[in-house]
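Report on the structure given below.
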Amino acid sequence: AATSAATPKIADYPFTTLHPHLGVVMLGEERFVLADIPGLIEGAADGAGLGHRFLRHLVRTRLLLHLVDLAPLDGESDPVHDARAIVKELQRYDEALYDKPRWLVLNKLDLIPEEERDARVKAFLKAYRWKGPVFAIAAISGEGCRPLTFAIQEWLDARPAYLMAGSGTTEAPPVMGEPVVLKPEPVRARRPRKAADAEPGTDTDNS
């Protein structure tokens with residue numbers, strides 16, 4: 001809802017997302033599709049929660065965004081432990097999904113006093129031992145969302161999607177080359193039928 005024209009249901013209780021939502025993110029003349037699936041919980045690989053039912057929808061994606069609440073509603077929750085648990089469930093479910101490029105998105109900055117935000121983000125990254133791309137946002141106000149979407153578009157532009165023949169998946173090829181263009185066979189012109197070619201008993205009078 002913060003980055004696209006999609007209008008998913010939003011509320012302050014767990015498991016709001018019951019079904020995957022697709023939203024088209026428009027950046028001038030460029031666009032990409034963002035897929036939101038129900039959140040994963042510990043034990044998802046064994047069927048816990050709803051998210052595991054929809055993990056197969058992520059097979060065709062090129063980039064995963066791991067969204068973590070930096071200020072969870074449950075004060076007893078440990079964001080670092082929860083983030084690690086989700087990645088572990090992802091790996092248990094499908095090694096190929098685990099190996100996909102993944103960015104970390106820390107959400108709900110608005111619930112943290114402004115003077116504490118940088119320290120909280122740095123403390124999380126240190127404890128989580130994350131070395132990849134990270135973005136801190138407040139989705140409710142849109143803060144930080146614009147830079148995130150532009151970074152995604154730039155990343156996708158640098159890795160064009162190619163349809164791998166026979167695989168049914170889209171991947172960026174290791175070496176850039178000309179895309180394969182499939183052309184249908186030309187349609188042969190149909191020869192007009194003469195009266196002599198007509199089957200016996202066929203009325204050829206079109207008047």
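If you read the sequence from its start, that first residue is 1, and numbering goes on from there. Bear in mind the structure is a predicted one, so any value in this text is a computation, not a measurement.
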Do W103 and V134 have side chains that approach each other closer than 4.5 Å (heavy atoms only, starting at C-beta)?
no
When you compare the side chain of V68 with that of F124, does any pair of heavy atoms fall below 4.5 Å?
yes
Of the non-hydrogen atoms in R117 and L109, which two are nearest, and what is the gap between them?
NE-O, 3.1 Å
Is the backbone of R62 close enough, under 3.5 Å, to the side chain of K100 for a donor and an acceptor to pair up by distance?
no
When clusters are formed by joining ILVMFWY residues with side-chain heavy atoms under 4.5 Å apart, either directly or through shared neighbours, do L111 and L104 land in the same one?
no
Step-by-step side chain to side chain contact (heavy atoms under 4.5 Å, CB included) determination, V105 to H66:
CA-CA 6 Å; V105 181; H66 185 182; over 6 Å; no
Rounded to the nearest 0.5 Å, how far does CD of E89 lie from CG of L97?
13.0 Å
Are I112 and V121 connected, step by step, through hydrophobic side chains (Ile, Leu, Val, Met, Phe, Trp, Tyr) whose heavy atoms are closer than 4.5 Å?
yes
Shortest non-hydrogen separation from L70 to P79 and the atoms involved
O-CG, 4.1 Å
Is there a side-chain contact between L27 and F32 in this structure, where contact means two heavy atoms from C-beta onward sitting under 4.5 Å apart?
yes
Which heavy atom of R31 sits nearest a heavy atom of M26, and at what distance?
NH2-CE, 3.2 Å
Can you confirm whether more than 12 heavy atoms, excluding those of Y98, are under 6.0 Å from its OH atom?
no
Nearest heavy atoms of A139 and C145, plus distance in Å
CA-SG, 4.2 Å
Using only atom types and a distance under 3.5 Å, with no angle test, would you say the side chain of D69 pairs donor to acceptor with the backbone of K108?
no
4.5 Å side-chain heavy-atom contact, L65 and I152
yes
With a 6.0 Å cut-off (strictly less than), is the heavy-atom count around CD of E95, excluding the residue itself, greater than 12?
yes
Check whether any side-chain heavy atom of S77 lies under 4.5 Å from a side-chain heavy atom of D82, and answer yes or no.
yes
Tell me whether L106 shares a hydrophobic cluster with V87, the cluster being built from Ile, Leu, Val, Met, Phe, Trp, Tyr side chains joined at under 4.5 Å.
yes
Among V25, V24, L22, which residue meets the side chain to side chain contact (heavy atoms under 4.5 Å, CB included) test with L34?
V25
Taking every non-hydrogen atom, the tightest pair across P133 and R102
CD-O, 4.4 Å
Non-hydrogen side-chain atoms of Q91 and D99 separated by less than 4.5 Å
no
Do F135 and L63 share a hydrophobic cluster, counting only Ile, Leu, Val, Met, Phe, Trp and Tyr and linking them when any side-chain heavy atoms are less than 4.5 Å apart?
yes
Quick check on E116: does its CD atom have over 12 non-hydrogen neighbours (other residues, nucleotides or ligands) under 6.0 Å away?
yes
Less than 4.5 Å apart, side chain to side chain, heavy atoms only: is that true for E143 and D110?
no
Any non-hydrogen side-chain atom of W155 less than 4.5 Å from a side-chain atom of P101?
yes
